[in-house]
*Asks:* 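Have a look at the structure that comes next, please.
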Amino acid sequence: MYAITLQEPGAPDVMEWTEVPDPQAGPGEVVIDVVAAGVNRADVMQRQGNYPPPPGASDIIGLECSGRISAVGEGVVGLGVGDEVCALLSGGGYAEKVLVPATQVLQLPDGVDVVTAAALPEVACTVWSNVVDTAGLTAGDTFLVQGGSSGIGTHAIQLAKALGARVAATAGNPERLERCRELGADIAIDYHDDIAAALLDATDGHGADIILDNMGAKGLSNNVKALATDGRLMIIGFQGGVKGELNLAALLAKRASVTSLGLRGRPVDGPKGKARIVDGVREQVWPLVAAGRVQPVVHATLPLRDAAEAHRVLEAGGVVGKLLLTT
């Protein structure tokens, strides 16, 4: 098969279209003939040399894909050759074929085609595991997502709204703020402004019960100010740096918590494993997707061979939703 490979870390042009060995399905695994792969910030970090794959994972970039199963390993039940599926990956998505544990594979939700489905696994598993499973979002909560026009953001807005939350989202210009409103955000805040002040004003001083943040250090202090009493700050990215100052007294006064949860490095099985997260998405998110209450948002689709261009587009900013690569 052919895949996008890296000879060394660097700019987008270090990615090459290269022939590599075909994967073989072992016990509990399936091989998927890739139709499309999602492009994520983590892919850019891996290309730059800042996010190596976990032990045992493919060193080919790509954390999610969609396609058709072409081989099934021993012990796999409920999946067969020819099934159209999407999957959460630890790596390997930028390729014509990918090997994945069967427990990380999802049948396509009703109404979603096989290409568009590639936009779902990473965002759905990330948002569900952080916002619902860990932070415990319930109807009536106030939820703030930082970067509401991103792939994570566009999904998080819709999911939280479908679950009955009051949703706030940040974005960087009027067009993206309007897109957040169209997706269901009740409150849209320009992230160049004082986010905490704007949110507290819009919620009559309540703040956010849950914040999903991808900036890390840069937004830490303001996020703590924006939290409600008993609020939960969920950090999933470090675009704004990895080291910040945390006012523990402010956190204690609110009985608030700060949690950072990764997804890629989790084991397949067990109480903290990816299989349980995928099961939660299948049971709780997929019905909302099938009903049209949560829809994948695709900014653009490019050929897999043009992965370098996709990375340039993502790094340039302005992407709303997901970029996809097709074989």
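Note that these values count all heavy atoms, side chains included, but never hydrogens, waters or copies made by symmetry. Note that this is a predicted model, so its numbers are computed, not measured.
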*Asks:* Can you tell which of Glu16, Arg305, Met15 makes a side-chain contact (heavy atoms from CB on, under 4.5 Å) with Ile4?
*Replies:*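 Per the side-chain contact (heavy atoms from CB on, under 4.5 Å) rule, the option paired with Ile4 is Met15, out of Glu16, Arg305, Met15.
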*Asks:* So, Thr134 side chain and Ser129 main chain: donor-acceptor pair closer than 3.5 Å or not?
*Replies:* yes
*Asks:* With the side chain counted from C-beta on, respond yes when Leu288 and Leu159 share a heavy-atom pair under 4.5 Å apart, and no when they do not.
*Replies:* yes
*Asks:* What is the minimum heavy-atom distance between Thr103 and Val268, and which atoms define it?
*Replies:* OG1-CG1, 3.4 Å
*Asks:* Same cluster or not: are Val278 and Val289 linked, directly or through other Ile, Leu, Val, Met, Phe, Trp or Tyr residues, by side-chain heavy atoms under 4.5 angstrom apart?
*Replies:* yes
*Asks:* Without swapping roles, check the side chain of Asp190 against the backbone of His192 for a donor-acceptor pair under 3.5 Å.
*Replies:* yes
*Asks:* What I'd like to find out is whether the side chain of Leu63 reaches to under 4.5 Å of the side chain of Leu88, using heavy atoms alone.
*Replies:*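 When only atoms from C-beta onward are counted, Leu88 and Leu63 do not touch, as no gap falls below 4.5 Å.
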*Asks:* If you look at every heavy atom in Ala25 and Val31, which pair is closest and at what distance?
*Replies:*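 The answer is N-CG2, 3.8 Å.
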*Asks:* Distance-only, no hydrogens or angles: does the Glu122 side chain make a donor-acceptor pair with backbone N or O of Leu89 under 3.5 Å?
*Replies:* no
*Asks:* With heavy-atom distances below 4.5 Å as the criterion, would you say the side chains of Arg264 and Tyr51 are in contact?
*Replies:*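 They are in side-chain contact.
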*Asks:* Quick one: do Ile69 and Val34 end up in the same hydrophobic cluster if we chain Ile, Leu, Val, Met, Phe, Trp and Tyr together by side-chain heavy atoms under 4.5 Å apart?
*Replies:*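 Yes: a chain of side-chain contacts under 4.5 Å links Ile69 to Val34.
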*Asks:* Hey, quick one: are Leu248 and Leu233 part of the same hydrophobic cluster, counting side-chain heavy atoms closer than 4.5 Å, chains of contacts allowed?
*Replies:* yes
*Asks:* Walk me through it: do Lys272 and Asp133 pass the test salt bridge (charged side-chain N to carboxylate O under 4.0 Å, His left out)?
*Replies:* CA-CA 11 Å; Lys272 302 295 184 181; Asp133 187 44; over 6 Å; no
*Asks:* Any non-hydrogen side-chain atom of Val131 less than 4.5 Å from a side-chain atom of Met234?
*Replies:* no
*Asks:* Which atom names give the shortest non-hydrogen contact between Gln24 and Leu99, and what distance separates them?
*Replies:*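 Heavy-atom minimum between the residues: O-CD1, 3.5 Å.
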*Asks:* Passes side chain to side chain contact (heavy atoms under 4.5 Å, CB included), Val115 versus Thr326? Steps please.
*Replies:* CA-CA 7 Å; Val115 172; Thr326 56; 3.9 Å; yes
*Asks:* Taking the basic N atoms (NZ, or NE/NH1/NH2) and the acidic carboxylate oxygens, is any pair closer than 4.0 Å for Asp213 and Lys218?
*Replies:*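 Salt bridge between Asp213 and Lys218, a charged N being under 4.0 Å from a carboxylate O: no.
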*Asks:* Please determine whether the number of non-hydrogen atoms from other residues, nucleotides or ligands lying under 6.0 Å from atom NZ of Lys254 exceeds 12.
*Replies:*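 Yes, because the 6.0 Å sphere around NZ of Lys254 holds more than 12 heavy atoms from other groups.
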*Asks:* Does NZ or CZ of Arg47 lie under 6.0 Å from the centre of the six-membered ring of Tyr94, at an angle within 45° of the ring axis?
*Replies:*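 That pair does not qualify as a cation-pi contact.
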*Asks:* I'd like to know if Leu263 and Val281 are part of one continuous hydrophobic network [Ile/Leu/Val/Met/Phe/Trp/Tyr, side-chain heavy atoms within less than 4.5 Å].
*Replies:*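 Per the 4.5 Å side-chain linkage, Val281 and Leu263 are co-clustered.
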*Asks:* Should the pair Asp279-Arg276 be classified as a salt bridge under the 4.0 Å nitrogen-to-oxygen rule?
*Replies:* no
*Asks:* Does a donor on one side chain sit under 3.5 Å from an acceptor on the other, for His206 and Asp204?
*Replies:* no
*Asks:* So if I apply the side chain to side chain donor-acceptor pair (under 3.5 Å) rule between Gln146 and each of Asn222, Asn214, Thr170, which one comes out positive?
*Replies:* Thr170
*Asks:* Does Asp22 pair with Lys97 as a salt bridge, N-O distance under 4.0 Å?
*Replies:*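 Lys97 and Asp22: not salt-bridged.
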*Asks:* Hey, is the main chain of Ala162 close enough, under 3.5 Å, to the side chain of Arg293 for a donor-acceptor pair?
*Replies:* yes
*Asks:* Under 4.0 Å between a side-chain nitrogen and a carboxylate oxygen: does that hold for Glu64 and Lys322?
*Replies:*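 Answer for the salt bridge query: yes.
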*Asks:* Spell out, yes or no, whether Ile235 and Ile211 are grouped together once hydrophobic residues are joined by side-chain heavy atoms under 4.5 Å, including indirect joins.
*Replies:* yes
*Asks:* Does Leu325 form a side chain to side chain contact (heavy atoms under 4.5 Å, CB included) with Asp306? I'd like the steps, not just the answer.
*Replies:* CA-CA 8 Å; Leu325 300 169; Asp306 293 340; 5.7 Å; no
*Asks:* Are any of the side-chain heavy atoms of Glu29 and Val76 separated by less than 4.5 Å?
*Replies:* no
*Asks:* Are the side chains of Lys274 and Ser90 in touch, meaning some heavy atoms are under 4.5 Å apart?
*Replies:*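 Counting from C-beta outward, Lys274 and Ser90 do come under 4.5 Å.
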*Asks:* Keeping the roles fixed (side chain from Thr154, backbone from Gly151), state whether a donor-acceptor pair exists under 3.5 Å.
*Replies:* yes
*Asks:* Decide, yes or no, whether a salt bridge links Arg312 with Glu315 under the criterion of side-chain N to carboxylate O below 4.0 Å.
*Replies:* no
*Asks:* Locate the shortest heavy-atom distance separating Val145 from Gly153; write the atom from each residue and the value.
*Replies:*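 In terms of heavy atoms, the two residues are closest at CG2-CA, 3.9 Å.
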*Asks:* Any salt bridge linking Asp186 with Arg166? Criterion: basic side-chain nitrogen under 4.0 Å from a carboxylate oxygen.
*Replies:*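 The answer is no: the pair does not qualify as a salt bridge.
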*Asks:* Output, in order, the C-alpha distance, side-chain angles, deciding distance and verdict of side chain to side chain contact (heavy atoms under 4.5 Å, CB included) for Arg232 and Ser257.
*Replies:* CA-CA 5 Å; Arg232 288 85 75 197; Ser257 63; 3.4 Å; yes
*Asks:* Would the distance check show the side chain of Trp286 and the main-chain N or O of Asp110 forming a donor-acceptor pair, the cut-off being under 3.5 Å?
*Replies:* no
*Asks:* Any donor and acceptor pair, going by atom type alone, linking the side chain of Gln104 with main-chain N or O of Val100 inside 3.5 Å?
*Replies:*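 No, because the side chain of Gln104 does not come within donor-acceptor range (under 3.5 Å) of the backbone of Val100.
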*Asks:* Counting only heavy atoms not in Asn247, do more than 12 fall under 6.0 Å of its CG?
*Replies:*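 Yes - once you tally the heavy atoms of other residues, nucleotides and ligands closer than 6.0 Å, there are more than 12.
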*Asks:* Considering all heavy atoms of both residues, which atom of Gly148 and which atom of Cys180 are nearest to each other, and what is their separation?
*Replies:* C-SG, 3.6 Å
*Asks:* Counting N and O atoms only, with roles assigned by atom type, does the side chain of Asn130 sit under 3.5 Å from a partner on the main chain of Val127, one being a donor and the other an acceptor?
*Replies:* no
*Asks:* Does the Thr126 side chain pair with the main chain of Val123, one donor and one acceptor, at a distance under 3.5 Å?
*Replies:* no
*Asks:* Could you pull out the closest heavy-atom pair between Val14 and Pro9, with the gap in Å?
*Replies:* CG1-O, 4.2 Å
*Asks:* Could you check whether any side-chain heavy atom of Val39 comes within less than 4.5 Å of a side-chain heavy atom of His311, counting everything from C-beta outward?
*Replies:*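 Sidechains of His311 and Val39: in contact.
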*Asks:* With the side chain counted from C-beta on, respond yes when Tyr2 and Thr327 share a heavy-atom pair under 4.5 Å apart, and no when they do not.
*Replies:*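 With C-beta onward as the side chain, the pair stays apart.
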